[in-house]
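Here the structure is laid out as structure tokens; the discussion comes afterwards.
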Amino acid sequence: MNHYKVVLVTGASAGFGYEICRLLAKNGFLVIATARRKERLNELAKEYPDSIFPYALDVRDNDSIRNLIESLPEKLSSIDILVNNAGLALGVEKAQNSSLENWKTMIDTNILGVVQMTKAVLPIMITRNCGYIINIGSIAGSLPYIGSTVYGASKAFVEQFSKNLRCDTAGTAIKVTVIKPGLCQDTEFSYVRLNGDKEKVAPIYANTQSILPEDIASTVLWLAKGPMHLNINEIEMMPVCQTYGGPSVTRNVSFDLTDKD
Ligand SMILES: NC(=O)c1ccc[n+]([C@@H]2O[C@H](COP(=O)([O-])OP(=O)(O)OC[C@H]3O[C@@H](n4cnc5c(N)ncnc54)[C@H](OP(=O)(O)O)[C@@H]3O)[C@@H](O)[C@H]2O)c1
């Protein structure tokens, strides 16, 4: 028996979101599956037509979010769990070489999208004193690496936003968790990041066993079925083949201005 019933998942057309929807539907939840690609959501819903309800949604578009929340049928209107999963990285270039447009898209999706979804759904949870917000962050939010300038910073936002929400909802039954995965395979993430270039994507996963979307889905299910008095603040996970790198040192750095003339 699940305490929670209705779950809204963003980014449900691929990767983590797709598997989260499938596993939650299989375990008795009613799932509002959202993403921009409606045809992918329709495919997803075919497997569980009585439990998965597809809705096209761009998390950057606040009017669409408000319209969706206001037009949900009665049986889906009391959202118990919001999984803020939609997100993306664009490019691996250093800050000085990266595109401002890419940066803006990441900020709009990973930060504004999470903020707008939360702002739309939290009042429903507050009114009912029942709700759980599960945000998908990343290890990139706390572990800096080259080419992650804005992506990593956007995920740092997700982490701090999640923890600050815990402060704001103190005294209510509402729960908040941030999940911070490391390297994950079998999603579209790296294809999106590298503009669909398969030759660049393949080496990232060569000879590794990385986290699978199913691993993220089973973590979300475990959280969703956990005891009501317990809040897991954050979960950081990596595949065994990945670990911390430590600070790096560059030798022979030149400070001579004449070098640049
Ligand atoms: N894969 C990894 O290694 C990894 C590691 C740590 C954290 N993460 C995070 O985990 C989350 C899911 O990643 P994933 O690996 O499953 O990636 P994915 O396979 O590329 O899936 C991303 C999902 O987000 C949706 N999306 C993108 N922009 C959107 C927008 N503006 N509005 C609504 N939906 C949007 C996509 O659907 P549409 O294109 O149909 O809209 C897709 O369903 C992301 O937040 C990512 O940052 C991933």
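Ligands are counted one by one from 1 in listed order, and the atoms in each one are counted from 1 as well.
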Region of [X] engaging ligand 1 - heavy atom pairs below 4.0 Å:
{"X": "K155", "answer": "side chain"}
{"X": "L57", "answer": "backbone"}
{"X": "A12", "answer": "backbone"}
{"X": "Y191", "answer": "neither"}

Given [options], which has its nearest heavy atom closest to [atom]?
{"atom": "atom 7 (C) of ligand 1", "options": "A56, G87, C184, G137", "result": "G137"}
{"atom": "atom 45 (O) of ligand 1", "options": "N85, D61, I136", "result": "N85"}
{"atom": "atom 46 (C) of ligand 1", "options": "Y18, F16, Y151", "result": "Y151"}
{"atom": "atom 5 (C) of ligand 1", "options": "S190, G182, S154", "result": "G182"}

Neighbour count above 12 (heavy atom, 6.0 Å) for N195 CG: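 No, CG of N195 has 12 or fewer neighbouring heavy atoms, counting only those of other groups under 6.0 Å.
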So is V59 polar-close to ligand 1, meaning N/O to N/O under 3.5 Å?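 Among all N and O atoms of V59, at least one is under 3.5 Å from an N or O of ligand 1.
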So, regarding Y205 and ligand 1 (criterion: nitrogen or oxygen to nitrogen or oxygen, under 3.5 Å), is there a contact or not?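 Between Y205 and ligand 1 (N or O atoms, distance only) the closest approach is not under 3.5 Å.
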Test Y132 against every option in D80, N231, T177 by the side-chain hydrogen bond (donor to acceptor under 3.5 Å, both in side chains) rule and name the one that passes.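 So the option named by the test is T177.
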Do Y151 and F189 have ring centroids that are under 6.0 Å from one another?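 Yes, the ring centres sit under 6.0 Å apart.
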Should E188 and R40 count as an ion pair when the cut-off is N to O under 4.0 Å?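 So E188 pairs with R40 through a salt bridge.
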Among Ile, Leu, Val, Met, Phe, Trp and Tyr joined by side-chain contacts under 4.5 Å, find the other residues sharing a cluster with V240 and list them by chain and number.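 Hydrophobic cluster check, V240: no partners found.
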Roughly how far, to the nearest 0.5 Å, is CG of L88 from CZ of R193?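 So the gap between those two atoms works out to 9.5 Å.
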